[in-house]
Amino acid sequence: MPDPDLDRYYLTTAIAYANNRPGLHTLYEVIGADAIARYRRMKGHDTRFLTGTDEYSVNIALTAAEQGKDPKHFVDEMVALFKAAEDALQISPDRFIRTTDEDHQRAVHEMIRRSYANGDLYVGTYEGWYCPNEGFIPASQLVEDANGTHCANHPNVELQWLSERNWFFRLSAYQERLERYYAEHPDWVQPEYRRNEMLGFIRGGLEDFSVSREKATWGVPFPIREDGSSAQLPDGSWDPAAGRVYVWFDALTNYITGAGFPDDPAAFAKWWPCDVHIIGKDINRLHTIMWPAMLMSAGLDLPKLVWVHGWLLVQGERMSKSRGNFFDPNDMVAALGSDGTRYAALSEVAFDRDSDVSWDSFVRRYNADLANDFGNLVNRTVTMVNRYLDGERPPPSEAALLQPTWLSALEGYRMNIEGFLLHEAIASLWGFVANANRLVDAEKPWELAKAAQSGDRPAERRLRDVLGDLVEACRLLALAAAPFIPSTAPRVLAQLGHEWRYAENGTGGPPLLDELGWGASGGQPGRVGTPEPLFPRLDVEIPVA
RNA sequence: GGCGGAGUAGCUCAGUGGUAGAGCAGGGGACUCAUAAGCCCUUGGUCGGUGGUUCGAAUCCGCCCUCCGCUACCA
């Protein structure tokens, strides 16, 4: 029978600003989304996972110019760094979208045409302090001292008060509609406190925002002129006098470009609205106030859910490139491995709030959970089967010694991963790791083996039952943890003598929840492999940059 | 300033009326299948302060202190 829950699943991350090499604080969100995407694929959903880079801005054009590079050349280099880091972390996007992609420009243009047709775009005057090195400076970043007013990043550059004729989006017209949408979809922004913050903001009144820049050169060309006519020239290029699209319509639209808008209506009908946008708290307002208003204006459905995660902190301060306190994901992969890095990040950082991280905490987490608890459990299980049963793998026992605890662990795992509390899902699984380790010490297979040697038949049966259930426990754990540790999970199954039936990105196998039933491996005979440490213990303190 | 949240063991947190909890870290022990891992036991907290309500408060109410989030054009 068809399972209505096994629909297609479309999830996105925010696109990363391609102005620098990626840090862990940027990739953390992508790792989390990747784990969710893998879980959905293994569960059987037709899954689409979109992530990518945001590449247009005045700042990027300036940075590129400072380095004597063409902006496109500059972002190509940055994107290569992002892709390399994501490859090293086994990130599995179905599309890596770039705002410089050709189809994205068509999507942005279509969004703007629709919004204009709906009467929500008008030409107005945008004015404010302008830094020649950086563009318009918001009031929050102005510094005032004895020398006057200037921008925080360029204290010696004189500011100019500039006015531009720019396009504005009529956000003020959407206050009531947004309030109603929030009321009718009380769970659409999560966690709840993030929803409440935004609702409070909406109730405080909404102002229109500018959506174009008259003088910018590095950006999507604005597609219409002031009179509403197309700004496309006879040769197919776009009239520079129409200006460029300013961030909002450019960046946010990537989510529908990635679903096939507007080129592929069939794909778009299939994938949109997305199931979830995974974003950081710093861009909550863009995604839960501006973006939904833009979609309403264009006559498109709103995302089903926006999940807002917190920040990584280092000694209480936000991890960021500008502070220079960021962890290089490549260093982490070098030390902890791909899966070790993914696991450490997702277990040590709560997905619903800020979390302080440190190199020590990551290493401790790796050693305690991966090396000592889980890795060692697999290792001792495989070793005992080899030593006491000559490598012949016993089936799960009729006694099903660990089944009750597995059922509650599985429920906690499923509920939490589907509710985006990835750290809680991991904690639920690792509680079961402890249960399995306790079973070993309670049953003492080494004593059962000795008794069996001297002809004690009940002891021999018990030995096979205990080891059969431990093998089953390891199989279940590896499969359930596969979204978090995709490289290691197949290695666990191999050591247990089981076949790994999923493709590298998690597709193509049997429904995960079927496989996660206690005893689902059945009684097929088989032999375990050679025990080999999955997560070598880290004994050396590795200094962090 | 306004609105909201939080202050519980060294660290991260759970616990919303009935004799204070978990994980990690620290200490001790028995074992030995294992990556000197695992298991068992254990040190450690006037539950931010204060005044109330109650037979009884970490838990409810008032006041105070501290910290944090949101408070629009940065991607």
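Protein chains get the first letters and strands the later ones, always in sequence-line order, with residue 1 at the start of each. Being a predicted model, the structure only gives us computed values, none of them experimental.
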Exercise for the section: Evaluate the ring planes of A/Tyr181 and A/Trp188, with Trp represented by its six-membered ring, and classify them as parallel (under 30°), tilted (30 to 60°) or perpendicular (over 60°). Expected result: perpendicular
Between [X] and [Y], does any side-chain N to carboxylate O distance fall below 4.0 Å?
| X | Y | answer |
| --- | --- | --- |
| A/Asp101 | A/Arg95 | yes |
| A/Glu127 | A/Arg165 | no |
| A/Glu348 | A/Arg365 | yes |
| A/Arg98 | A/Glu55 | yes |

Collect all protein-nucleotide pairs involving nucleotides 29-33 of chain B in which both atoms are nitrogen or oxygen and the distance is under 3.5 Å.
residue	atom	partner	partner atom	Å
B/rC33	O4'	A/Tyr388	OH	3.1
B/rC33	O2	A/Arg380	NE	3.0
B/rC33	N3	A/Arg380	NE	3.4
B/rC33	N3	A/Arg380	NH2	2.6
B/rC33	N4	A/Arg380	NH2	3.1

Taking a pair as Watson-Crick or G-U wobble with both distances under 3.5 Å, which nucleotide is matched to [N]?
| N | answer |
| --- | --- |
| B/rG51 | B/rC61 |
| B/rA37 | none |
| B/rC70 | B/rG2 |
| B/rA22 | B/rU12 |

Problem - Sub-6.0 Å ring centroid separation between A/His287 and A/Tyr255 - result: yes
Problem - A/Tyr56 side chain to A/His104 side chain, donor-acceptor N/O pair below 3.5 angstrom - result: no
Practice task
May I ask you to evaluate whether A/Asn372 reaches the phosphate of B/rG38, defined as a side-chain N or O under 4.0 Å from OP1 or OP2?
Solution key: yes
Handout entry: Phosphate-side-chain proximity, A/Arg365 and B/rG23, N/O vs OP1/OP2 below 4.0 Å
Key = no
Exercise for the section: Have a look at A/Ala251 and say if it touches a base, only the backbone sugar-phosphate, or nothing, with a 4.0 Å heavy-atom cut-off. Expected result: sugar-phosphate
Practice task
Give A/Arg537 one of three labels, base, sugar-phosphate or nothing, depending on what nucleic acid heavy atoms sit under 4.0 Å from its own.
Solution key: base
Whole Å only: how far is the [atom1] atom of [X] from the [atom2] atom of [N]?
| X | N | atom1 | atom2 | result |
| --- | --- | --- | --- | --- |
| A/Lys281 | B/rC74 | NZ | P | 19 Å |
| A/Asp352 | B/rG69 | CG | P | 16 Å |
| A/Arg318 | B/rC74 | CZ | P | 14 Å |
| A/Ile60 | B/rC74 | CD1 | P | 14 Å |
| A/Asp282 | B/rC70 | CG | C1' | 13 Å |

Measure all distances between protein nitrogen or oxygen atoms and nitrogen or oxygen atoms of nucleotides 4-9 of chain B, and list the pairs falling under 3.5 Å.
none

Problem - Six-ring centre of A/Phe222, A/Arg244 cation under 6.0 angstrom, axis tolerance 45° - result: no
Problem - Pi-cation contact, A/Tyr126 with A/Arg213 (under 6.0 Å, within 45°) - result: yes
Exercise for the section: With C1' as the reference atom in both, quote the distance from B/rG45 to B/rU19 in angstrom, rounded to an integer. Expected result: 16 Å
Exercise for the section: Would you kindly compare A/Arg438 and A/Glu197 by the position of their nearest RNA chain B nucleotide and give the one closer to the 5′ end? Expected result: A/Arg438
Practice task
Among A/Arg21, A/Lys69, A/Lys72, find the residue that satisfies the salt bridge (Lys or Arg N to Asp or Glu O under 4.0 Å) test when tested with A/Glu77.
Solution key: A/Lys69
